[in-house]
Amino acid sequence: MATVLPTPPRVGMVSLGCPKNLVDSERILGQLRSDGYQMSPDYEGADVVLVNTCGFLDSAKEESLEAIGEALAENGRVIVTGCMGREAEVIRERFPNVLAITGAHAYEDVVAAVHDAAPAPRSPYLDLVPQATPHLKLTPKHYSYLKISEGCNHRCAFCIIPQIRGDLVSRRPDAILREAEKLLAQGTRELLVISQDTSAYGLDLKHAAWPWKGDDVRAHMTDLARALGQLRAPDGTKPWVRLHYVYPYPHVDRIMPLMAEGLVLPYLDIPFQHASPKVLKAMRRPANEARVLERLVQWRREVPDIAIRSSFVVGFPGETEEDFDYLLQWLAEARLDRVGAFRFEPVEGAPANDLPGHVPEEVKEERYARVMELTARISAEKLAAKVGQTLDIIVDAVDPETGGATGRSKADAPEIDGEVHLRDAGHLSAGDFATVLVEESDEHDLFGVPLEEQAHEAARG
């Protein structure tokens, strides 16, 4: 008689918030898969649903609560984890039927809650199967987020991340590099380095060194970036290494030679948040904005194609029209490549809530619109200057019906920056690197054709 294997429980996942939350979701699902669970792509087929929440802003909290409510309505068996887990009483009051609530990056707790809610059947046949790597990718195969630390030592007035995730805790550099090697072996072509403060990486470890490949590598941003840039995929391909959440500490200047050597992408994601010294002081952030402009000039001198992205908060308590005009003038001079803006929102537990001079909502909206209008114009001008140039891109998706493709240049991180739209690119596949001729542009995106196809057209013409 044939042995009938038990059917493993199926787990669904709703992951909200930032890439750091996404990495947490990947690790949770990876561990559950190692424990014998299967993944469900929908509510209907899941024995239990995990909702990984975001609690950074009140609007994000409301989105998380709506997601919990939807999961309960569609499935009924819900476990809540993530940043909003610290407000368990708020969740319980609104949704008393959730099975369990755990906090941010509490991997063992949430996995234990799943085991309690939907126990995996034991089987000598299944239990002999070697455990999978505890990391189930939720991003496309060709790019991966690589989290290098958890928590943050800053105490910005508008932020509660340290209350949620604690102070800075850095991973050992050799562990990060081993994970990066595994990702490359599985098909990753682009490593997106993330943390709450990438520039502070290794501070808690006193920048100690660990053995790696017959040498030592320090727990320091520059040393780690260099080591990541020296990794290769099994076929010898050099991966793209993209740095996110980089605070402009002085040692960031030492990243420029690594960009010039091609070890890391000419791209920095720096959360400036504002430019007015008075507002920056109220935010409890470094306020030497003039020095930042000087450094931007120097960085562009050393790495002419460097792309700088940043985010700014408008309507922070006490922000006057003079402060806002200062920000606009600073942006006009800085000419950043990619800019996101946020209207200030009070967040429970944030010191900024108690500051005087809260800005009316209609003023926030008007200032937000002015920032976006200015930065969109700058973006359009900078992208128009790329028409006629050739760029290296990574392909994200190909449409076999139209022969078109969508990719990103070195100046574009996935989902937050622009895209490069290609014609006559049906021969490409997701994850391919390609050189393209830029033919057109708009405020945010570029349009072009792969160089080999353009050469074929020239030959036919």
message: side chain to side chain donor-acceptor pair (under 3.5 Å), that's the test. Do S25 and S15 meet it? Break it down for me.
response: CA-CA 7 Å; S25 296; S15 187; 2.7 Å; yes

task: Work out which heavy atom in P239 is nearest to a heavy atom in L228; give both atom names and the distance.
output: CG-O, 4.5 Å

field: Y143/W240 aromatic ring centres below 6.0 Å
entry: no

- request: Identify whether the distance between the nearest side-chain nitrogen and carboxylate oxygen of K213 and E181 falls below 4.0 Å.
  value: yes

query: Do F433 and V395 have side chains that get closer than 4.5 Å, going by heavy atoms?
result: no

- request: Please determine if R171 and E150 form a salt bridge, counting it only when a charged side-chain N lies under 4.0 Å from a carboxylate O.
  value: no

message: Side chains of D109 and T102: any donor to acceptor distance under 3.5 Å?
response: no

message: Go through it in stages, so that I can follow the logic: the residues are R27 and E108, the test is salt bridge (charged side-chain N to carboxylate O under 4.0 Å, His left out), and I'd like the CA-CA distance, side-chain angles, deciding distance and then a yes or no.
response: CA-CA 10 Å; R27 290 183 175 172; E108 294 181 2; over 6 Å; no

message: Tell me the closest heavy-atom pair linking V303 and A260, and the distance in Å.
response: CG2-N, 4.3 Å

Acceptor/donor pairs from residues 65-74 side chains to any protein atom, 3.5 angstrom cut, sequence neighbours excluded:
{"unit_1": "E70", "atom_1": "OE2", "unit_2": "Y43", "atom_2": "OH", "d": "2.9"}

Stepwise side chain to side chain donor-acceptor pair (under 3.5 Å) test for D204 and S170: CA-CA 7 Å; D204 55 311; S170 302; 2.6 Å; yes

CD (E62) with more than 12 external heavy atoms under 6.0 Å: yes

message: Classify the ring geometry of F316 against F344: parallel below 30°, tilted from 30° to 60°, perpendicular beyond 60°.
response: perpendicular

field: Q196-S149 side chain donor-acceptor pair, cut-off 3.5 Å
entry: no

message: Between the side chains of D174 and R172, is the shortest nitrogen-to-carboxylate-oxygen separation below 4.0 Å, so that they form an ion pair?
response: yes

Close side-chain approach of Q273 to F312, heavy-atom, < 4.5 Å: no

Salt bridge present between R291 and E294 (N-O < 4.0 angstrom): yes

- request: Would you check if V371 and L331 make a side-chain contact, meaning some heavy-atom pair closer than 4.5 Å?
  value: yes

- request: Verify the neighbour count for atom CD of E44: are there more than 12 heavy atoms of other residues, nucleotides or ligands below 6.0 Å?
  value: no

query: So, do Y267 and H244 have ring centers that fall under 6.0 Å from each other?
result: yes

task: Salt-bridge test for R77 and D47: reply yes if a basic N is under 4.0 Å from a carboxylate O, no otherwise.
output: no

query: Looking at D337, D417, D412, which hits salt bridge (Lys or Arg N to Asp or Glu O under 4.0 Å) with R309?
result: D417

- request: Verify whether one side chain among E319 and H274 offers a donor that lies under 3.5 Å from an acceptor in the other.
  value: yes

- request: For the pair F342 and Y368, evaluate side chain to side chain contact (heavy atoms under 4.5 Å, CB included) and give the outcome as yes or no after the intermediate values.
  value: CA-CA 7 Å; F342 303 90; Y368 172 81; over 6 Å; no

- prompt: Side chains of R10 and V48: does their closest heavy-atom pair fall under 4.5 Å?
  reply: no

field: Any donor-acceptor N or O pair under 3.5 Å, side chains Q298, E302
entry: yes

field: No-hydrogen, no-angle side-chain donor-acceptor test under 3.5 Å, H207 and D223
entry: no

D305 and K386 ion-paired at < 4.0 Å: no

query: Name the one of L428, T406, V398, D399 that satisfies side chain to side chain contact (heavy atoms under 4.5 Å, CB included) with L422?
result: L428

Distance-minimising heavy-atom pair for R408 and P414: NH1-CD, 3.4 Å

Closest non-hydrogen atom pair between P9 and P119, with its separation: CG-O, 3.4 Å

- request: Side-chain contact test, heavy atoms from C-beta onward, threshold under 4.5 Å: evaluate it for P248 versus I270 and give yes or no.
  value: yes

message: Would D392 and T435 count as a side chain to side chain donor-acceptor pair (under 3.5 Å) here? Give the steps.
response: CA-CA 4 Å; D392 293 328; T435 302; 3.0 Å; yes

message: Do T53 and S64 pair up side chain to side chain, a donor and an acceptor below 3.5 Å, judged on atom types alone?
response: no

Salt bridge (charged side-chain N to carboxylate O under 4.0 Å, His left out) between D24 and K147, worked out: CA-CA 9 Å; D24 290 344; K147 184 154 64 170; 2.7 Å; yes

query: Hey, is the main chain of A219 close enough, under 3.5 Å, to the side chain of K206 for a donor-acceptor pair?
result: no

